[in-house]
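See below for the structure under consideration.
Protein chains get the first letters and strands the later ones, always in sequence-line order, with residue 1 at the start of each.
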Number of protein chains: 2
Amino acid sequence: MSIKQIQEKTGFSYSTISRVLNGKAKEFRISDKTRDSIMTAVKALGYRPNLVARGLRMQKTNTIGLIVPDIQNPFFGELAWRMERKLRGFGYSTILCNTDEIADNEEYYLQVLIDRRVDGVILAPVHTREWKGLEEIRWKKPVVLIDRIFFKTDLPWVTGSNEQAADQMVTTLFRLGHSRIAFLGGVPRTYMNTMRFRGFRKAFARRGIAVESGLVFNEGYSPAAGKKMMADLLARCPEIEAVFCVNNLVFLGAMAHVQKHEIETGRRILMAAFDIAPYCDMFKRPLVCATQDREKLADTAVSLLIKGIQDPHLSREHVMLPIDLSLLRIPRTEGGGAWQKRLDKG
Amino acid sequence: MSIKQIQEKTGFSYSTISRVLNGKAKEFRISDKTRDSIMTAVKALGYRPNLVARGLRMQKTNTIGLIVPDIQNPFFGELAWRMERKLRGFGYSTILCNTDEIADNEEYYLQVLIDRRVDGVILAPVHTREWKGLEEIRWKKPVVLIDRIFFKTDLPWVTGSNEQAADQMVTTLFRLGHSRIAFLGGVPRTYMNTMRFRGFRKAFARRGIAVESGLVFNEGYSPAAGKKMMADLLARCPEIEAVFCVNNLVFLGAMAHVQKHEIETGRRILMAAFDIAPYCDMFKRPLVCATQDREKLADTAVSLLIKGIQDPHLSREHVMLPIDLSLLRIPRTEGGGAWQKRLDKG
DNA sequence: ATGAAAGCGCTAACAG
DNA sequence: CTGTTAGCGCTTTCAT
């Protein structure tokens, strides 16, 4: 089923049919009769254009590649959901790629996407700087970085002010009277881990105290890792009062142990974490949290990409989004007042 | 950059180059010298085959379409993650589509996927039976249903025994001494909603009691909907003791209100829900939960699709997976003993 | 206002 | 062992 069948049925030539199909009837002053007869045949035969052929001919596939570390993570799930929807609005289909934080996968996928002649790539990279492969690829197709970026790059990117947010969260914990704070991290040398730990450390430095290396863990971005880190932490330092979790997944894992620990010991641990807003309601406890604007993150990434596709040279924009520090979530029934007061006094 | 450049550089013909590229050097007894010289040029020029052209020529794109209601839902997130990874192992790329429970979107995407000449489609449908469009499409490309299926269809599918599991969950609630049970549902007339409510009703019927229609809600598969339904329920019936949630998202939303309510009234509500295993640890409370084997679900769907691609006529398999009813999750510190005892007595 | 023909980059049948 | 050529389905000059 191709234009050929339409041709046989109507007697018109390839070009005329193609023009009608692409809505260029007016432009080429094709008679209404011709157009109608073609459209009728198209409907009757249920003809649909072959997008692969069109892609080959046009050197444009209307396809983009989305590379994320882990689509299971609801944070990336939401980003993917938003971007896919927005891209669809521009006529693009989205090819999904999961790197699982493995740099080799990232290189593999980037290559595949180029081979598939996608029109652009949105990338939440594992690498922390522009490695050789990417340098070659960005010459061929526009690439936009989302969430995780490179420090020195003229690739367009969008991310949140993670370092600053982490700093503020820790500072808040200090103001609440905690000076021993554990850091439950993810994959070492990864962008987020680096930036958020940097903010963590900065807050300590300003306060003039040293980060206790025994309270710093980096086991991976997953609930399982979070659980393990929390267990190790409690084994090592049962009297810990405040814990900083590098992301939502680590937080969820950590909470399992925290709750158990609190029941057993009667002690309360103050938790701080990034991007846990969706879960905040579910915990009957004060929580220090930083929330990124996922909608803006997604929208910006797509906009930057579209711009890049339209004019590859014009796209060097860097967007740093503020992160919402709705610092404490305190169910009013649970003595939150005391916390709040301490915070207000500074 | 195409085979042509390789040809110009090495002097060999299209076909020879193509053969070497596709690892058919042995088969066509191409001399080692020729092969090496070609491979050298390929490396030197950084040549990569154009998958669009290959796809057009071979009538095979090594691409599959994945249509899910909502990639934000960690349940589908995990399925997508597993399937993408497995498909990648077979050399396929995955095109991601979100229907948001809207039937029109499903039809749109299916059409796009066919136009893109994907080699197959994995579909968690919104429709509850084989509508006209699908009937046409399945003639062109293999389609596999996952999670949500059609009752009478010879399309291959894989799902869990949802009706039975819901029945067992409710029966468990009965045995624990609750006979007024609320149903917090999702999108009406959707497969899961139907099946799980059917199981819910069946348990009531067996017990000889009627389902109270005032305790049945269907507001959508989302935390927001769950929250709203729980609020409505508590307004209507503050003394409710047991609540059945149709899925993980509804459960998460509902919990927010439950916790508040419990703190305010001192009453305990027993929650039952599907696919909340990942969150179970986080709640210090008994929970009745049914857990689907997402790994098996994903693996089976991919296997069925691969089979379907290899032999379109051979694929009519239906796989119904048992659902794990690890019925009660009871933190031992919290009087779980009493619950367990009641359950054991039957 | 419409048609003929080239060509996107690749594979494979056929020829030698 | 290697080369020539047709053709996948489409868009787009260039003719007329």
### Task
Kindly check if the number of other-residue, nucleotide or ligand heavy atoms within 6.0 Å of NZ (K4(A)) is above 12?
no
### Query
T34(B) side chain N/O closer than 4.0 Å to the phosphate oxygens (OP1, OP2) of dC1(D)?
no
### Task
Would you tell me if any nitrogen or oxygen in the side chain of R54(B) comes within less than 4.0 Å of OP1 or OP2 on dT11(C)?
yes
#### Entry: Rounded distance in Å - OH (Y14(B)) to C1' (dT11(C))
12 Å
### Task
Verify the contact: side-chain N or O of S18(A) to OP1 or OP2 of dT12(D), cut-off strictly under 4.0 Å; return yes or no.
no
### Query
Between dC8(D) atom C1' and L51(B) atom CG, what is the distance in whole Å?
15 Å
### R88(B) NZ/CZ over Y109(A) ring centroid, <6.0 Å and within 45° of normal
yes
### Task
Report yes if a side-chain nitrogen or oxygen of Q59(A) is closer than 4.0 Å to either non-bridging phosphate oxygen (OP1 or OP2) of dG9(C); otherwise report no.
yes
### Query
Please give, in whole Å, the distance from dA12(C) C1' to K60(B) NZ?
17 Å
### Query
Think N50(B) has a side-chain N or O under 4.0 angstrom from the OP1 or OP2 of dC8(C)?
no
### Query
When the distance from CE of M58(A) to P of dG9(C) is rounded to whole Å, what number comes out?
14 Å
### Any side-chain heavy-atom pair of S303(A) and E317(A) under 4.5 Å
no
### Task
Tell me what I30(A) touches on the nucleic acid: a base, only sugar-phosphate, or nothing, going by heavy atoms under 4.0 Å.
sugar-phosphate
### Query
Quick one: is dC10(D) close enough that its OP1 or OP2 comes under 4.0 Å of any side-chain N or O from Y47(A)?
yes
### dC10(C) OP1/OP2 closer than 4.0 Å to side-chain N/O of K4(B)
no
### Query
Taking C-beta and beyond as the side chain, do V302(A) and F90(A) meet within less than 4.5 Å on heavy atoms?
yes
### Summary
Winner on side-chain proximity to S2(A), out of dT2(C), dG9(D), dT11(C), is dG9(D)
### Query
Quick one: I17(B) CD1 to dA12(C) P, roughly how many Å, whole number?
15 Å
### Task
With DNA chain D as reference, determine whether G11(B) or A53(B) sits nearer its 5' end, using the nearest nucleotide of each.
G11(B)
### Query
Rounding to a whole Å, what distance do you find between R57(B):CZ and dA6(D):C1'?
8 Å
### Message
Looking at every heavy atom in both T34(B) and S31(B), which two are closest together, and how far apart are they?
### Response
OG1-OG, 2.6 Å
### Task
Could you state the atom-to-atom distance from CG of N22(A) to C1' of dG9(D) in whole Å?
13 Å
### Along DNA chain C (nearest heavy atom to each residue), the more 5'-positioned of F12(A) and L21(B)
F12(A)
### Message
Just the rounded figure in Å: distance from P of dG9(D) to CD1 of I3(A).
### Response
11 Å
### Message
Can you tell me which residue among H318(A), R316(A), E130(A), E135(A) is in a side chain to side chain donor-acceptor pair (under 3.5 Å) with T153(A)?
### Response
E130(A)
### Query
Under 4.0 Å between a side-chain N or O of S13(B) and OP1 or OP2 of dG3(D)?
yes
#### Entry: 4.5 Å side-chain heavy-atom contact, R148(B) and T194(B)
no
### Message
Looking at S18(B) and Y14(B), would you say the former's side chain and the latter's main chain have a donor-acceptor pair under 3.5 Å?
### Response
no
### Heavy-atom pair with the smallest gap, counting every atom of I64(A) and L305(A)
CG2-CD2, 3.9 Å
### Query
For dT11(D), does OP1 or OP2 lie under 4.0 Å from any side-chain N or O of K24(A)?
no
### Query
At how many degrees, to 10°, do the end axes of the helix from dA1(C)-dT16(D) to dG16(C)-dC1(D) meet when each uses five pairs?
50°
### Query
Which pairs count as salt bridge (charged side-chain N to carboxylate O under 4.0 Å, His left out) when at least one residue sits in residues 69-84 of chain A, sequence neighbours excluded?
E78(A)-R82(A), E78(A)-R294(A)
Would you tabulate the pairs of protein nitrogen or oxygen atoms and nucleotide nitrogen or oxygen atoms of nucleotides 13-16 of chain D closer than 3.5 angstrom?
unit_1	atom_1	unit_2	atom_2	d
dT13(D)	O4	R19(A)	NH2	3.3

### Query
Taking the side chain from T61(B) and the backbone from R117(B), do they hold a donor-acceptor pair closer than 3.5 Å?
yes
